[in-house]
*Asks:* 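So that we are looking at the same thing, I have put the structure below in structure tokens.
For the numbers below, each heavy atom of this structure counts, side chains included, while hydrogens, waters and symmetry mates do not.
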Amino acid sequence: MVEPNVSESKNKTLFERAKKVLPGGVNSPVRAFEPYPFFVECAVGSKMYDADSKAYVDYCMAYGALLLGHAYPEIQEAVKNQLAKGSLYGAPTEREVEFAELIQSASPCMEMVRLVNSGTEATMHAIRAARGYTNRKKIVKFEGCFHGSHDNVLVKAGSGAATFGTPNSLGVPEETTKNTIVLPYNDVAALETTFKACGNEIAAVIVEPVMANVGLILPVGDYLSILRKVTESYGTVLIFDEIITGFRLALGGAQEYFDVTPDMATLGKVLGGGFPLAAFGGKKEIMQQISPLGKVYQAGTFSGNPVSATAGYTILKLLSQKKSHIYPQLEKNTSELAKTLIDQTQALDLPAQVYNIASMYQIFFTKEQVTDYACAKHSDAVMFDAYFRELLRQGVFIPPSQFETCFVSAAHAPEDLKFTADALIKALWAASEKRKNP
Ligand SMILES: Cc1ncc(COP(=O)(O)O)c(C=O)c1O
């Protein structure tokens with residue numbers, strides 16, 4: 001492995017320039033880490049290459065957006081063809097219709113769908129639609145779930161908000177969040193108590209069916225079915241935020257994987273095939289409240305833009321055709337990486353919990369099982385940092401925070417996985433050393 005000369009690092013120079021024009025030198029806080037992040041020159045398949053020409057096997061995959069890896073040839077080709085025909089029309093296209101039809105056929109709850117540009121927009125509008133439909137104000141979210149960076153949901157939020165100590169952001173007025181009730185995830189008693197107290201006032205419950213923004217936390221037992229039953233009996237709209245799990249746990253996302261159908265869902269990341277695109281949708285009777293049919297207003301200049309819609313259409317077509325091969329292979333590769341972590345933490349006698357599902361995995365350095373945000377916060381951040389840094393040194397990139405999840409893509413070849421397994425073993429050893437000599 002060739003170590004870049006840090007004193008001459010182009011990454012470092014770029015960061016110095018970036019800090020002068022971008023807050024923290026980045027355009028999204030999760031990208032920042034000490035002493036400076038690497039700047040990407042290009043990416044293809046399983047790998048990214050930085051400004052110092054160092055290669056990384058990538059398990060961040062744009063925070064889960066790239067299920068097929070970087071620069072997937074068929075998506076690139078389709079996008080190039082579309083670009084030649086124009087990049088934005090401000091008028092409907094056939095592509096949007098056939099894309100929406102594909103989303104509808106893949107996602108169990110999607111009777112109707114609206115395309116937007118980001119996950120943040122999708123959850124914001126889904127909540128507005130649920131409030132408009134029920135004519136109620138309150139919503140329930142779960143501690144550590146991240147639903148984007150809009151005011152209603154920036155309460156005890158995960159991801160960068162948790163990493164940088166701003167789970168309740170400045171600039172969000174109390175008046176906006178007073179209708180947001182925050183509950184611990186996987187806690188049936190807390191859910192039932194809240195619904196007994198004010199269930200008839202709750203417009204929506206929004207949940208990441210698998211929590212992937214505070215590390216990886218799985219639903220325990222039939223928690224998602226219980227959520228379904230409770231919300232149904234109070235006429236509350238259940239929204240699955242499938243921005244991460246959609247098209248990742250299965251073609252039909254968590255809804256298919258767990259066989260629980262919410263009233264609404266939000267989709268993004270994988271859906272856009274590497275381009276900015278997201279969607280919200282669900283039951284016809286709710287979606288028919290959206291303008292111009294109904295009185296819930298939602299609009300966007302770039303919504304359904306033909307380039308993103310083409311990338312999204314192409315990836316959904318590919319996934320529909322190859323799902324019987326892609327999903328089992330991803331699950332197998334991911335569980336093998338998880339097994340490496342489990343075996344090595346046992347060999348080193350480290351306090352650790354390893355979770356994996358489909359193509360997602362994460363480690364927490366803690367003795368106790370992690371079932372909610374409070375447990376996740378008990379894990380040893382210093383050990384995680386040592387683990388992250390050793391992986392980075394060896395050319396394996398994972399999200400820099402404990403409060404994120406690692407993503408395996410279809411582009412990860414056997415040699416990448418072998419290289420990664422060796423790197424994981426060394427990184428756990430580094431974490432173990434850090435534990436002994438903090
Ligand atoms: C579950 C979930 N919902 C919503 C969002 C927001 O999506 P975006 O970053 O596209 O606005 C994210 C982003 O990470 C997410 O993980």
Side-chain angles (χ1 to χ4, degrees), residues 64 107-109 123 126-127 130 138-147 153 155-159 162 167 180-199 202-246 248-250 252-267 282 331 335 338 353-362 364 366 368-379 403 405:
S107 307
C109 82
T123 62
I127 290 170
K138 292 190 198 305
I139 59 164
V140 167
K141 82 171 281 284
F142 297 89
E143 213 179 353
C145 276
F146 182 68
H147 303 295
V153 290
V155 192
K156 301 223 172 144
S159 186
T180 304
I181 301 169
V182 184
L183 297 180
Y185 183 75
N186 271 329
D187 186 337
V188 174
L191 180 78
E192 289 176 345
T193 308
T194 301
F195 268 85
K196 266 184 204 136
C198 62
I202 300 174
V205 169
I206 184 162
V207 65
E208 289 182 69
V210 168
M211 284 179 75
N213 281 291
V214 280
L216 182 63
I217 301 181
L218 307 178
V220 173
D222 51 1
Y223 184 65
L224 295 176
S225 313
I226 294 170
L227 267 183
R228 177 63 290 185
K229 263 193 219 124
V230 172
T231 45
E232 201 155 41
S233 62
Y234 284 87
T236 295
V237 175
L238 178 61
I239 306 171
F240 273 8
D241 180 353
E242 296 231 50
I243 303 286
I244 285 185
T245 52
R248 182 165 284 278
L249 293 196
Q255 302 169 47
E256 179 185 325
Y257 195 97
F258 295 106
D259 195 18
V260 175
T261 306
D263 302 299
M264 295 187 82
T266 53
L267 300 167
E331 188 139 26
S335 50
Q353 306 296 322
V354 177
Y355 296 98
N356 63 291
I357 182 168
S359 50
M360 302 154 74
Y361 74 92
Q362 185 55 297
F364 294 94
T366 173
E368 313 298 336
Q369 287 215 354
V370 179
T371 54
D372 63 15
Y373 181 48
C375 310
K377 281 206 329 203
H378 285 140
S379 60
F403 298 128
T405 291

*Asks:* Of Leu238, Thr261, Asp222, which meets side-chain contact (heavy atoms from CB on, under 4.5 Å) against Arg228?
*Replies:* Leu238
*Asks:* Would you indicate whether the side-chain heavy atoms of Glu208 and His147 approach each other to under 4.5 Å?
*Replies:* yes
*Asks:* Looking only at heavy atoms, which two atoms of Ala189 and Thr193 are closest? And how far apart?
*Replies:* O-OG1, 2.7 Å
*Asks:* Could you pull out the closest heavy-atom pair between Ala162 and Tyr373, with the gap in Å?
*Replies:* CB-OH, 3.6 Å
*Asks:* What's the verdict on side-chain contact (heavy atoms from CB on, under 4.5 Å) for Ile239 and Ile139, showing C-alpha distance, side-chain angles and the deciding distance?
*Replies:* CA-CA 10 Å; Ile239 306 171; Ile139 59 164; over 6 Å; no
*Asks:* Using every non-hydrogen atom in the two residues, find where Val153 and Ala157 come nearest and quote the distance to one decimal.
*Replies:* O-CB, 3.9 Å
*Asks:* Cut-off 3.5 Å, side chains only: do Asp241 and Thr266 have a donor facing an acceptor?
*Replies:* yes
*Asks:* Flag the pair Glu256 / Leu249 as yes when at least one side-chain heavy-atom distance between them is below 4.5 Å, and no otherwise.
*Replies:* no
*Asks:* Looking only at heavy atoms, which two atoms of Pro262 and Cys109 are closest? And how far apart?
*Replies:* O-CB, 3.2 Å
*Asks:* Apply side-chain contact (heavy atoms from CB on, under 4.5 Å) to residues Ile357 and Tyr257 and explain how you reach the verdict.
*Replies:* CA-CA 10 Å; Ile357 182 168; Tyr257 195 97; 3.6 Å; yes
*Asks:* As a test of understanding, state which of Val205, Asp372, Ile206 forms a side-chain contact (heavy atoms from CB on, under 4.5 Å) with Phe142.
*Replies:* Val205
*Asks:* Are side-chain heavy atoms of Pro219 and Phe258 found at a separation under 4.5 Å?
*Replies:* yes
*Asks:* At what distance, to the nearest 0.5 angstrom, does CG of Leu216 lie from OH of Tyr361?
*Replies:* 11.0 Å
*Asks:* Any side-chain to backbone donor/acceptor pair from Lys156 onto Lys141? Under 3.5 Å, distance only.
*Replies:* no
*Asks:* Could you measure the distance from the OH atom of Tyr185 to the CG atom of Leu227? Nearest 0.5 Å is fine.
*Replies:* 8.0 Å
*Asks:* Roughly how far apart are Phe240 CZ and Thr245 OG1, rounded to 0.5 Å?
*Replies:* 8.5 Å
*Asks:* In Å, rounded to the nearest 0.5 Å, how long is the span from OH of Tyr223 to CG of Leu191?
*Replies:* 5.5 Å
*Asks:* I need the minimum non-hydrogen distance between Gly215 and Gln362, along with the two atoms involved.
*Replies:* CA-CG, 3.9 Å
*Asks:* Name the one of Thr405, Leu218, Ile217 that satisfies side-chain contact (heavy atoms from CB on, under 4.5 Å) with Val210?
*Replies:* Leu218
*Asks:* Go through the steps for Phe403 and Lys377 under the test side-chain contact (heavy atoms from CB on, under 4.5 Å), then give the verdict.
*Replies:* CA-CA 9 Å; Phe403 298 128; Lys377 281 206 329 203; 4.1 Å; yes
*Asks:* What distance do Thr123 atom OG1 and Met264 atom CE have between them, rounded to the nearest 0.5 Å?
*Replies:* 11.0 Å
*Asks:* Indicate the atoms forming the closest heavy-atom contact of Ile244 with Ala212, along with that distance.
*Replies:* CD1-CB, 3.7 Å
*Asks:* Quick one: are Val370 and Val214 in side-chain contact, heavy atoms under 4.5 Å?
*Replies:* no
*Asks:* Could you state the interatomic distance from CD (Gln369) to SG (Cys375), rounded to the nearest 0.5 Å?
*Replies:* 9.0 Å
*Asks:* Lys196 and Tyr234: side-chain contact (heavy atoms from CB on, under 4.5 Å), yes or no, with the steps?
*Replies:* CA-CA 9 Å; Lys196 266 184 204 136; Tyr234 284 87; 4.1 Å; yes
*Asks:* Would the distance check show the side chain of Glu242 and the main-chain N or O of Gln255 forming a donor-acceptor pair, the cut-off being under 3.5 Å?
*Replies:* yes
*Asks:* Would you say Arg248 and Met360 make side-chain contact, with heavy atoms under 4.5 Å?
*Replies:* yes
*Asks:* Would you say the side-chain atoms of Lys138 pair up with the backbone N or O of Ile181, donor to acceptor, closer than 3.5 Å?
*Replies:* no
